[in-house]
Amino acid sequence: GAVVSQHPSWVICKSGTSVKIECRSLDFQATTMFWYRQFPKQSLMLMATSNEGSKATYEQGVEKDKFLINHASLTLSTLTVTSAHPEDSSFYICSARHKGLAGSYNEQFFGPGTRLTVL
Amino acid sequence: ELKVEQNPLFLSMQEGKNYTIYCNYSTTSDRLYWYRQDPGKSLESLFVLLSNGAVKQEGRLMASLDTKARLSTLHITAAVHDLSATYFCAVARYYGNNRLAFGKGNQVVVIP
């Protein structure tokens, strides 16, 4: 149980285009989903916290107009990188917090990641 | 601001020997997590530590937490090649919707 998927697993796009990444909790409902970005050999940096049915909360320094987050249901959150540029190339990882799972200790379950390359 | 420091950032281990890696954090927290990441992959959950003195073991890995010292250790017993990976610790912000702050990771390479 507690499986999180991401789609696509990798994407290459041209500079100036927009890319949408989906994050799904497959076998549980997630009250909260988180989006992280990881540059090569770096740590995970939290970008935003996404709560179902409400606006996402962005971390300081993350442009909300550039990284659009939608959390339309308890099993799906999307991240859209608008007008992508080469500096947006990174590994994007989502995680989901399990709603109501006894003993889950608010643990986040991580998706497999999406590698974005902007040419 | 919650800061998480891991050291050493890189560690070359000899097979069969024991090693410890460290995670320090700067402010009060009630949960600490250890994750493993293989190259090009996402995070695999290893341990969640909730209270002072907590100790958890899985195979050759053992994690402990000292909340007074704000220190967690990950001990590797008799290292084997399969344990080569980057190990991240993450600390939950005490007030903050379970937002996690990650350390920079301990990159471990186990050599014969």
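Quantities reported herein were computed from a predicted structural model and do not represent experimental measurements. Letters go in sequence order (proteins before strands), and every chain restarts at 1.
- For a residue to count as touching a neighbouring chain, one of its non-hydrogen atoms must lie under 4.5 Å from one of that chain's; by this rule B:Q37 touches chain A with the side chain only.
- At a 4.5 Å heavy-atom cutoff, the contact between A:L44 and chain B is made by backbone and side-chain atoms alike.
- Ranked by heavy-atom pairs under 4.5 Å with chain B, the first of A:P40, A:P112, A:S95 is A:P112.
- Within the 4.5 angstrom heavy-atom criterion, no atom of A:Q6 approaches chain B.
- Within the 4.5 angstrom heavy-atom criterion, no atom of B:Q6 approaches chain A.
- Remark: the A:S50 side chain and the A:W35 side chain contain no N/O donor-acceptor pair separated by less than 3.5 Å.
- Considering only heavy atoms from C-beta on, B:M13 comes within 4.5 Å of B:V108 through its side chain.
- Taking the centre of each ring, B:Y35 and A:F110 come in below the 6.0 Å mark.
- With rounding to the nearest 0.5 angstrom, the CG atom of A:D65 is 12.0 Å from the OG atom of A:S83.
- You'll find the ring centres of A:Y36 and B:F102 inside the 6.0 Å limit.
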